[in-house]
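For reference, the structure discussed in these notes is given below.
Note: hydrogens, waters and symmetry copies are ignored here, and every other heavy atom, side chains too, is used. Counting starts at 1 for both ligands and their atoms, following the listed order.
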Amino acid sequence: MILILDFGSQYSQLIARKIRGFGVYSQIVPFNTSLDEIRALAPLGIVLSGGPASVGEKGAPRVESGLLELGVPILGICYGMQLLVHLLGGDVAPQAHSEYGRATLSVAKGAEDDPIVAKLPDATTVWMSHNDAAVRLPRDWRTLASTGSCPQALVRHRKLPLIGFQFHPEVHHTAQGQRLLQNFVVGVCGAKRDWKMTDYIEQAVDDIRTRLDAAPRGARIVSAVSGGVDSTVMAVLLHRAAGDRFMPVFVDNGLLRADEPDAVVANFRDGLGMNIKKIDAAKHFVRKLKGVTEPEEKRRIIGREFVNIFFRDLRKNDFLAQGTLYPDVIESVNVKGPSATIKTHHNRVPEILQLMKEDRVIEPLRELFKDEVRELGLKLGISRDLLWRQPFPGPGLGVRILGEVTAARLEILKKADKIVLDEIKAAGLYQKIWQSFAVLLPVKAVGVMGDLRTYADVIALRAVNSVDGMTADFVHLPWDLLGRVSSRIINEVAGVNRVVYDISSKPPGTIEWE
Ligand code: XMP
């Protein structure tokens, strides 16, 4: 196992995922994990991630002294490298110009034999994102590779297995990123590439059983399921681990796609053989959302009401399970270090945070990215059709109706959404696109239908491609498809007279509009 100490870079988890991708188990823990815990995990190697801090500043995150003496190989990436240099007596200083983006990494003459640069071309593209850099290396360190503006881009200790990368090997734009990580993990740490997704299943099932066994008698695992990829994969995993002690609950909050509620219940009961409980709360949610237009307020209400309703089924000793994935966590955590809150996630409302404090939350997928969850689902025997469903946000159509959510506006969006979905499927694009959906805007536009002036709603179409939901770009949908969707929506959905296409990427936009 390779352990990643997270100093708050939004890329930290990509390191774990890249390493798992070539068959070595890797896990991420906070930077301040104690030395004892680290020892207990017995990692073959440790990666210190990047992070937003400056090593010189007061309160900058550090590692426990002693980490460097464990004898375990350590790779510092960006902030992690600066920390190594700083701790061992070198100098790190702000650069006159921060460096963001591509740079060309050249291996130094005479350094080619070092296993960390094995099989690397003489020059290769790397991705930089830093303000500070090492300006003087500690004693016994040498530079193995540089870029035009960063002389110490890849450095290591002459005798000990301590290595630093100023660039980010984990991001897609670093051409030889996998090779470099593999050189560290396999070449330097000596890890074997024999980890498989089925190992993850066994491990997760074991963990769940252990927690359940340690709990008071009669404790169950209760979880809200939505019918989406994440909660379905989680449910199958929990069912496998806990059998009838797992209770899936489906809350129909009225913010789901047309026809979705019945389909979900049927699939759980008949397809997956689980005893699912359905709660019909559609009217309740619309009532609670009356008059609310502020996006974060909506998310809070949807989250809170959901919890209020769902918690009625949670008994004193029960566990709550959630299908939270890594990107959901990273975008909602707001501690010093890790990325700032962008949108409040429904899996992190205060009631759930409280249960987390009580150690009663089970999130078996929280280490994983979407593509890994799909792979896990396949291994669990879930159908491809279900696994390649597009993601759907927890707060549902509530964050796709800008402005007030009312029963009437929900009807409009559901009809428009169904048309988008039907047409995207008919064009054979559904599984090729990360997400495609309709958004109901809070503006009205003038139009003409027949000979009459209309003053009606506007629908925005959104279709994006993404690998992990963290970044995304709009899809170049064929014009004729866009035209068909537009005219069908305007003709078939009463109250809409205009359709526009969203051509923004993430960042700076986000995938959902709220
Ligand atoms: P954004 O809009 O933040 O979305 O770019 C990234 C991905 O996450 C989904 N999303 C959510 N999923 N609960 C979820 O389960 C949420 O509160 C939530 N908000 C956004 C979104 O659909 C996209 O796939």
Notebook entry, point to check: Touching ligand 1 at all, Gln390? Heavy atoms, strictly under 4.0 Å?
Noted result: no
Margin query: For atom 4 (O) of ligand 1, tell me which residue out of Asp230, Ile511, Leu325, Val399 has the closest non-hydrogen atom.
Written below: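 Of the listed residues, Ile511 has the closest heavy atom.
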Check: Who's closest to atom 9 (C) of ligand 1 heavy-atom-wise, of Gly303, Gly323, Pro393?
Finding: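 Minimum heavy-atom distance to atom 9 (C) of ligand 1 goes to Pro393.
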Enumerated ligand 1 atoms positioned under 4.0 Å from heavy atoms of [X]:
{"X": "Pro395", "answer": "13 (N), 16 (C), 17 (O)"}
{"X": "Thr510", "answer": "1 (P), 2 (O), 5 (O)"}
{"X": "Pro391", "answer": "24 (O)"}
{"X": "Trp434", "answer": "24 (O)"}
{"X": "Arg299", "answer": "16 (C), 17 (O), 18 (C), 19 (N), 20 (C)"}
{"X": "Glu512", "answer": "1 (P), 2 (O), 20 (C), 21 (C), 22 (O)"}
{"X": "Lys506", "answer": "1 (P), 3 (O), 5 (O), 6 (C)"}
{"X": "Gly469", "answer": "6 (C)"}

Tabulate below the donor-acceptor pairs under 3.5 Å that side-chain atoms of residues 273-283 make, not counting sequence neighbours, or state none.
from   : atom 1 : to     : atom 2 : distance (Å)
Lys277 : NZ     : Asp313 : OD1    : 2.7
Lys277 : NZ     : Asp313 : OD2    : 3.4
Asp280 : OD1    : Ala282 : N      : 3.4

Notebook entry, point to check: So which of Leu365, Leu238, Leu325 actually passes side-chain contact (heavy atoms from CB on, under 4.5 Å) with Val233?
Noted result: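 Only one of Leu365, Leu238, Leu325 forms a side-chain contact (heavy atoms from CB on, under 4.5 Å) with Val233, namely Leu365.
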Notebook entry, point to check: Looking at ligand 1, does any of its N/O atoms fall within less than 3.5 Å of an N/O of Arg400?
Noted result: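 Between Arg400 and ligand 1 (N or O atoms, distance only) the closest approach is not under 3.5 Å.
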One thing to verify: whether [Y] and [X] come together as a salt bridge, which I'm taking to mean a side-chain N less than 4.0 angstrom from a carboxylate O.
{"X": "Glu512", "Y": "Arg400", "result": "yes"}
{"X": "Lys370", "Y": "Asp230", "result": "yes"}
{"X": "Asp207", "Y": "Arg211", "result": "no"}

Check: Heavy atoms, side chains only, cut-off 4.5 Å: are Ile28 and Glu367 in contact?
Finding: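 Yes, their side chains come closer than 4.5 Å.
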Check: For the atom pair CD (Gln390) and OG (Ser466), what is the distance rounded to the nearest 0.5 Å?
Finding: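 So the gap between those two atoms works out to 11.5 Å.
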Sequence neighbours excluded and cut-off under 3.5 Å, please list the side-chain donor-acceptor pairs for residues 373-386, or say none.
from   : atom 1 : to     : atom 2 : distance (Å)
Arg374 : NE     : Leu387 : O      : 2.6
Arg374 : NH2    : Arg389 : O      : 2.9
Ser383 : OG     : Leu386 : N      : 3.3

